[in-house]
There are 2 protein chains.
Amino acid sequence: MKRKPSTEATSAWIRLMRVQSRVLDCVEQDLKKAGFPPLAWYDALLELSRAPSGELRPVELERQMLIPQYSTSRLIDRLVDEGLASRRECKIDKRGQFVEITEAGRELQKRMWGAYSAAIEKYVGSKLSDADAVKLSGLLDRLGCSCGEMKLPPVVHSNETTPSR
Amino acid sequence: MKRKPSTEATSAWIRLMRVQSRVLDCVEQDLKKAGFPPLAWYDALLELSRAPSGELRPVELERQMLIPQYSTSRLIDRLVDEGLASRRECKIDKRGQFVEITEAGRELQKRMWGAYSAAIEKYVGSKLSDADAVKLSGLLDRLGCSCGEMKLPPVVHSNETTPSR
DNA sequence: TCAAGATTGATGCAGGTGCATCGAGTGGAG
DNA sequence: CTCCACTCGATGCACCTGCATCAATCTTGA
């Protein structure tokens, strides 16, 4: 029940923690320096923009983004405050609501993708061959689906407006 | 200057973000459920306990842990408040100080390692063969040393009281 | 020797996050 | 229908973080 991890596993753990925090940091810095809001905003805007009519229930967004409920709630507050999204009431379930992306929201999302994709290329793409990127993805996936029970989207496809962290 | 990342790279980026946050979350949860403080405390205590006489300058700690100065300062505050470390003045440089781990600190560090190592095994070790763990480490290392310019410790060695995230 | 600049560590402030809890609304069992 | 359990989303609180800045001290170099 309390087997010790091998030094190899421990080492992988340490690197996973350190490397992602460094890389994330770098990417967030680049975005910030370009005058953009945090990555989480991008993720939310992307999810909304991909949704059928540009709108989602907060609960959906929450599940997509893997963040807690209150976090979603407040993120939406901020998007709405900035005019990037708007809340619409939900007729069929009066507890709920819809969050709809605005034109400004769509536009920001696209502009952010420019800086974001450049950062990904700079800090990840340029460091790894495609084949190695695939290997890395594969190894990471083995760790992913287990502590909780989520499935990651199998692979990313679109060409111009992609990720969602 | 603004080449787009390949979908492979983007996919690796997404997984790196998602998987590490899931796994870290799981580990932190396990520690918390076992009644322990956050991982950052462990990291600090470990660094201190490894230092020559159980004491370090805050600046050293900061560099080891890769966290900002103010963050170190406040982390030390908390450790001191809990009696896990104490501040000693530094004779030779009166701006500075030394932080020394206490017996309680050493003891907590050891007890935490029990739960921590079990979590690493549960969420990482058991998911990956040692060979795969090594591959993963290797791939991650390629991303690591670049955005800033830090070197990660080459590989972890000790057997009973290891990581430092 | 002395002023300018760098380094060390602390802190006020604004904002973000986790936790617990709340009120509104839904839906199912009896 | 009525109640009870549940889901949805918001929010008060405590704490944590990043940023900017501070005072104290050390170092440099003219």
Side-chain angles (χ1 to χ4, degrees), chain A residues 21-22 24-33 35-44 47-48 55-82 85-100 148 165, chain B residues 21-22 24-33 35-44 47-48 55-82 85-100 148 165:
Chain A
S21 100
R22 291 183 70 70
L24 174 56
D25 231 67
C26 293
V27 172
E28 291 267 25
Q29 272 325 316
D30 279 16
L31 281 202
K32 174 177 289 195
K33 273 184 282 186
F36 289 117
L39 259 185
W41 292 36
Y42 176 84
D43 290 345
E47 290 304 333
L48 290 175
E55 62 185 11
L56 281 176
R57 300 284 299 264
V59 199
E60 305 297 333
L61 195 54
E62 182 186 328
R63 282 195 263 269
Q64 291 295 327
M65 299 186 46
L66 302 173
I67 59 179
Q69 179 271 319
Y70 51 81
S71 192
T72 315
S73 178
R74 296 200 257 234
L75 177 52
I76 294 171
D77 284 349
R78 284 170 230 141
L79 295 180
V80 170
D81 283 352
E82 299 296 325
S86 61
R87 294 184 208 261
R88 302 195 319 93
E89 74 163 312
C90 173
K91 309 280 183 195
I92 56 179
D93 182 343
K94 287 205 293 258
R95 287 168 307 184
Q97 63 190 239
F98 280 103
V99 180
E100 187 177 9
R165 194 124 59 106
Chain B
S21 99
R22 293 183 68 71
L24 175 55
D25 231 66
C26 293
V27 172
E28 290 267 25
Q29 269 328 314
D30 279 15
L31 280 203
K32 175 177 288 194
K33 272 184 284 188
F36 289 118
L39 259 185
W41 291 36
Y42 176 84
D43 290 345
E47 290 304 332
L48 290 175
E55 62 186 10
L56 281 176
R57 301 283 299 264
V59 199
E60 305 297 333
L61 194 54
E62 181 187 327
R63 283 195 262 269
Q64 290 294 325
M65 299 186 46
L66 302 174
I67 59 180
Q69 180 271 319
Y70 52 80
S71 192
T72 315
S73 178
R74 295 200 256 235
L75 176 54
I76 294 171
D77 284 349
R78 284 169 229 142
L79 295 180
V80 170
D81 283 353
E82 299 297 325
S86 61
R87 296 185 206 260
R88 303 196 318 94
E89 73 162 312
C90 173
K91 309 281 186 194
I92 56 177
D93 182 343
K94 286 206 293 254
R95 286 169 308 185
Q97 64 190 234
F98 280 102
V99 180
E100 188 176 8
R165 193 124 55 110

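Values in this document were obtained by computation on a predicted structure and should not be read as measured data.
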Colleague: Mapping A:Tyr70 and B:Ser71 to their closest nucleotides on DNA chain D, which lands nearer the 5' end?
Modeller: A:Tyr70
Colleague: Please tell me if B:Ser73 has a side-chain N or O lying less than 4.0 Å from either OP1 or OP2 of C:dG9.
Modeller: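 No, B:Ser73 has no side-chain N/O under 4.0 Å of OP1/OP2 on C:dG9.
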Colleague: If I take atom CZ in residue A:Arg63 and atom C1' in nucleotide D:dC8, what distance separates them, rounded to the nearest angstrom?
Modeller: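 It is 10 Å, rounded to the nearest whole Å.
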Colleague: Has B:Gln69 got a side-chain N or O lying under 4.0 Å from the OP1 or OP2 atom of D:dG18?
Modeller: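 No, because none of the side-chain N or O atoms of B:Gln69 sits under 4.0 Å from OP1 or OP2 of D:dG18.
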Colleague: Let's see if you can work this out: which of D:dG9, C:dC13, D:dT7 has an atom nearest to the side-chain heavy atoms of A:Arg95?
Modeller: D:dT7
Colleague: Is A:Glu89 salt-bridged to A:Lys94, cutoff N-O under 4.0 Å?
Modeller: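 Not counted as a salt bridge, because no side-chain N and carboxylate O are separated by less than 4.0 Å.
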Colleague: Rounded to whole angstrom units, what separation is found between the CG atom of B:Asp93 and the C1' atom of D:dA24?
Modeller: 10 Å
Colleague: Rounding to an integer number of Å, can you tell me how far B:Gln97 CD sits from C:dA10 C1'?
Modeller: 9 Å
Colleague: I'd like to check the salt bridge (charged side-chain N to carboxylate O under 4.0 Å, His left out) partners of B:Arg95; sequence neighbours left out, ordered by chain and number.
Modeller: B:Asp93
Colleague: What closest approach, in Å, do B:Leu79 and B:Ala44 show between heavy atoms, and which atom pair accounts for it?
Modeller: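 It is CD1-CB, 3.9 Å.
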Colleague: Has A:Lys32 got a side-chain N or O lying under 4.0 Å from the OP1 or OP2 atom of D:dG18?
Modeller: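 No, no such contact exists.
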Colleague: Would you say B:Lys94 reaches C:dG9's phosphate, i.e. side-chain N/O to OP1/OP2 under 4.0 Å?
Modeller: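 No.
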Colleague: 5'-most contact on DNA chain C: B:Arg74 or B:Glu62, nearest heavy atom basis?
Modeller: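 Final value for this comparison: B:Glu62.
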Colleague: What is the distance from CG of A:Leu61 to P of D:dT7, rounded to the nearest Å?
Modeller: 19 Å
Colleague: Between C:dG18 atom C1' and A:Ile67 atom CD1, what is the distance in whole Å?
Modeller: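 Answer to the nearest Å: 13 Å.
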Colleague: In whole Å, what is the span from the CD atom of A:Glu28 to the C1' atom of D:dC19?
Modeller: 15 Å
Colleague: Report the distance from atom CG of B:Leu56 to atom P of C:dG9, rounded to the nearest whole Å.
Modeller: 11 Å
Colleague: By nearest atom, which of the nucleotides C:dT8, D:dG18, D:dC26 is closest to the B:Pro68 side chain?
Modeller: D:dG18
Colleague: Atom CG of A:Leu66 and atom P of C:dT17: how far apart are they, to the nearest Å?
Modeller: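 To the nearest whole Å, that distance equals 15 Å.
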Colleague: Which residue lies toward the 5' end of DNA chain C, A:Arg78 or A:Ile92, if each is placed at its nearest nucleotide?
Modeller: A:Arg78
Colleague: Toward the 5' end of DNA chain D, which comes first, A:Phe98 or B:Lys91, by nearest nucleotide?
Modeller: A:Phe98
Colleague: Looking only at heavy atoms, what is the nearest atom pair of A:Pro37 and A:Leu31, with distance?
Modeller: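 Closest pair (atom of A:Pro37, atom of A:Leu31, distance): O-CD1, 4.2 Å.
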Colleague: Do B:Glu62 and B:Pro68 have side chains that get closer than 4.5 Å, going by heavy atoms?
Modeller: no
Colleague: Examine D:dG9: is either OP1 or OP2 under 4.0 Å from a nitrogen or oxygen in the side chain of A:Arg57? Give yes or no.
Modeller: yes
